[in-house]
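Residue numbers begin at 1 in each chain, while the letters A, B, ... track the order of the sequences.
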Amino acid sequence: MPSFTDNVARWNRRLHYYVGLYLLALVWLFSLTGLLLNHQWGFADFWPGRNVTTFERSFEPLRGARELERAADLLRQLDISGEIGATTTRAPAEFEVQVTRPGTTFQIEADLVRLQASVQRTSVNHWGIFRTLHTFSGMPRAAAASERDWLPTKIWSVLMDVVSLGLIFLVLSSLYMWWALRTKRVAGFVALALGIVSCGFFVVGLRVLL
Amino acid sequence: MAANVLYRWTRDLHLYLGLFLSPFVLMFAVSTMLLNHGWKPNAVTVRRGVFKNLVVPADFERLQGADRIRAARQILVQLGVSGEIDFIRVLPKENRILIPVIKPGEEATVTLNLQTRDATVDVDEKGFGEALVYLHKWPGPHNVNVRGNWGYMRPWRWLADATVYLILFVSASGVYLWLFLPAERRLGIGLTAAGCLSCVGMVYALVHG
C-alpha cells in the first residue's frame, strides 16, 4: 500500500504532465507573441500594410441609461462585434465609440439626430493579429473604471489567468520533484540559485542597490 | 544506446534549465495576472528635491535621439538620479523639459526649467508589483530607439528573450519525455488536443467575433 507521501509524489508528477500538456499551445502562443513584441522584425511589420475602409449606416434611436449600454445597442444595430474600448459624447448629438478585437479596430461616430453612423474599420494582417493576442485583455491600465463587455474577451482573460496559474503550478510541482531527487540536489540548487539571483537583480536589486 | 543518452541528457537539461527558469516564469505569470486585472500600483512619493544652477547642455531642447539622451544623462548625473530614461518631453510654451526615469518599482520625474536652469525631482516608490509589470513589458514595442539607455537594463532584453527560448525548449523536451510514458499517452494526447482546441477556438472567436 503506497504511503501518503508516495501518493502526493505520484499525483504531483502526473499533474505536472497533464497541466504542461494542456498549456502547451497557449504557452507557445504567448512566448512567440512576446518575442514579436520585443523585436521590430521587418517581416512582422504590419502597420504600413493596414487596410482602412469607411462606411455609413443608419440606426434606430439608441436604448440604455449608461454610455456603455447605448454603445452596445449601437454595435448590435451595426452588426459589429468586439470589445468597447472607449465611448465619448462630444456634443449632445455626437456619440463616438471605439471597438477593438485582435486585428480589427472600429472607430464609430454616430450622429444621434440624423441617426447616421460613420464607421472607420482598420484591419491588419496576420502578424498584427498575432502580436495583439499577447496584449489583448480588454483591461487597459489607464482606464480605472473599465470593464470587459464582450464575451470572447471575458473568456480570453480567464484563459490568461489559467495559463498564469498553470505555470505557477508547473514551477512549484517541478521544485517538489527535484527535491525528491537526492543526487540532483546540489546541481539543481546551483541552477535555481543562478535563476533567483539573475531575476532578483532586476526585480529588486536595481532599485535597492543602484 | 544513443536513444538512452539522448533521453538522459534531455531529462537533465529539462530539470536544470527548468530550475534556472522558474523565477522568471513566476515573475511573468504573476505580472500577467496583475496586467490582466488592470492592477495599479499605490505610488508613494518618497523624495522630493529642488536643484539650482544646473549645467544644461547647449540646445538641449533641439537635440534628437541618442544626443538628447546623452544630454539628459548629463543633467541626471548632477541630480544624482539613475535609471532608464522612459522618454523626454519638451514643453516649449513652459520652457521646461520633463524626464521620467525608471528603475523597476521606482520612478523619478525630473522637471527641468530651461530658463532658470532649476530642476525638481519627485521620486515615487511603486513597489514590487510594479517592478514585475515593468519588467514584463520591457523593452516592448514603444520608444524603441531610446530603450536600453541605462546599461543595467540592457541585459534584461537578453534575459527576456532567453526566457522565451528556454520555455520553448523546456516545453518541447517535456513532450519528448512524456512520449516515454506509454501509460500516460492517451490522456496526454487528449489534454494536448484540448489545449490546442482552447487556443485555436479562442483565437478564432476573438478574431472573427
Yes or no on side-chain contact (heavy atoms from CB on, under 4.5 Å) for B:Asp161 and A:His39, after CA distance, side-chain angles and deciding distance?
CA-CA 10 Å; B:Asp161 280 359; A:His39 295 273; 2.6 Å; yes
Any A:Leu206 side-chain heavy atom under 4.5 Å of B:Met153 side chain:
yes
A:Leu167 side chain near B:Leu26 side chain, heavy-atom distance below 4.5 Å:
no
Looking at B:Gly127, B:Gly83, B:Ala172, which one has more heavy-atom pairs under 4.5 Å with chain A than the rest?
B:Gly127
Select, from A:His16, A:Arg101, A:His134, A:Arg14, the one with the greatest count of heavy-atom pairs under 4.5 Å involving chain B.
A:Arg101
Would you please go through residues 186-209 of chain B and name the residues with a non-hydrogen atom below 4.5 Å from one of chain A, in numerical order?
B:Leu187, B:Gly188, B:Leu191, B:Thr192, B:Ala194, B:Gly195, B:Cys196, B:Ser198, B:Cys199, B:Met202, B:Val203, B:Ala205, B:Leu206, B:Val207, B:His208, B:Gly209
Who wins among B:Pro141, B:Ser22, B:Ala131, B:Ser171 for the most heavy-atom pairs under 4.5 Å with chain A?
B:Pro141
What's the separation between atom CH2 in B:Trp178 and atom CG in A:Leu21, rounded to the nearest 0.5 Å?
5.5 Å
Are a donor atom and an acceptor atom from the side chains of B:Asn36 and A:Asp161 found within less than 3.5 Å of each other?
yes
With a 4.5 angstrom heavy-atom cut-off, could you sort out which part of A:Ser81 is near chain B: side chain, backbone, both or neither?
side chain
In terms of heavy-atom pairs under 4.5 Å with chain B, the winner among A:Tyr17, A:Phe201, A:Phe202, A:Phe30 is A:Phe202
How close do B:Gly140 and A:Gln40 get, counting heavy atoms only, and between which atoms?
O-NE2, 4.1 Å
Flag yes if more than 12 heavy atoms outside A:Glu60 fall under 6.0 Å of its CD atom; otherwise flag no.
no
Top contributor to chain A interface from B:Arg157, B:Glu125, B:His14 [non-hydrogen pairs under 4.5 Å]:
B:Glu125
What part of B:Trp156 gets closer than 4.5 Å to chain A, counting heavy atoms only: side chain, backbone, both or neither?
both
What part of A:Ile80 is in contact with chain B, defined as an atom under 4.5 angstrom from a non-hydrogen atom: side chain, backbone, both or neither?
neither
Would A:Lys184 and B:Asp12 count as a side-chain contact (heavy atoms from CB on, under 4.5 Å) here? Give the steps.
CA-CA 9 Å; A:Lys184 312 264 183 192; B:Asp12 286 355; 2.7 Å; yes
Among A:Gly103, A:Pro152, A:Ser174, residue most engaged with chain B (heavy-atom pairs, under 4.5 Å)
A:Pro152
Check whether B:Leu135 gets within reach of chain A through its side chain, its backbone, both or neither, counting any heavy atom under 4.5 Å.
side chain
Taking CG in A:Asp6 as the centre, count heavy atoms belonging to other residues, nucleotides or ligands within less than 6.0 Å. Is the count above 12?
yes
Using a 4.5 Å heavy-atom cutoff, which residues in residues 187-198 of chain A come close to chain B?
A:Ala187, A:Gly188, A:Ala191, A:Leu192, A:Leu194, A:Gly195, A:Ile196, A:Ser198
So which of A:Thr135, A:Leu37, A:Thr104, A:Val163 has the largest heavy-atom pair count under 4.5 angstrom toward chain B?
A:Leu37
Tell me, side chain or backbone of B:Ser82 under 4.5 Å from chain A's heavy atoms, or both, or neither?
side chain
Interchain contact, B:Glu184 with chain A, by part (heavy-atom threshold 4.5 Å):
side chain
Can you find a heavy atom in the side chain of B:Val175 that is under 4.5 Å from one in the side chain of A:Leu24?
yes
Is the number of heavy atoms from other residues, nucleotides or ligands within 6.0 Å of CZ (B:Arg185) greater than 12?
yes
Counting heavy-atom pairs under 4.5 angstrom with chain A, the leader among B:Leu15, B:Ile167, B:Leu177 is B:Leu15
Is chain A contacted by the side chain of B:Tyr165, its backbone, both, or neither, given a heavy-atom distance below 4.5 Å?
side chain
Residue B:Arg73 excluded, over 12 heavy atoms near CZ under 6.0 Å
yes
Do A:Leu165 and B:Met33 have side-chain heavy atoms sitting under 4.5 Å apart?
yes
Heavy atoms, side chains only, cut-off 4.5 Å: are A:Ile168 and B:Val30 in contact?
yes
OH (B:Tyr152) with more than 12 external heavy atoms under 6.0 Å:
no
Side chain, backbone, both or neither: which part of B:His142 has an atom under 4.5 Å from a heavy atom of chain A?
neither
Winner by heavy-atom pair count (cut-off under 4.5 Å) against chain B, out of A:Leu35, A:Leu23, A:Val19
A:Leu35
For B:Trp150, is it the side chain, the backbone, both, or neither that has a heavy atom closer than 4.5 Å to a heavy atom of chain A?
side chain
Heavy-atom count around A:Phe55 CZ within 6.0 Å, excluding the residue itself: above 12?
yes
Applying side-chain contact (heavy atoms from CB on, under 4.5 Å) to B:Leu168 and A:Val27, what does each step give before you reach the verdict?
CA-CA 8 Å; B:Leu168 297 178; A:Val27 166; over 6 Å; no
Of the non-hydrogen atoms in A:Asn38 and B:Ala160, which two are nearest, and what is the gap between them?
ND2-CB, 4.0 Å
For B:Pro104 against A:Arg207, the heavy-atom pair lying closest together
O-NE, 3.1 Å
Given a strict heavy-atom distance threshold of 4.5 Å, which part of B:Leu181 is in contact with chain A: side chain, backbone, both, or neither?
side chain
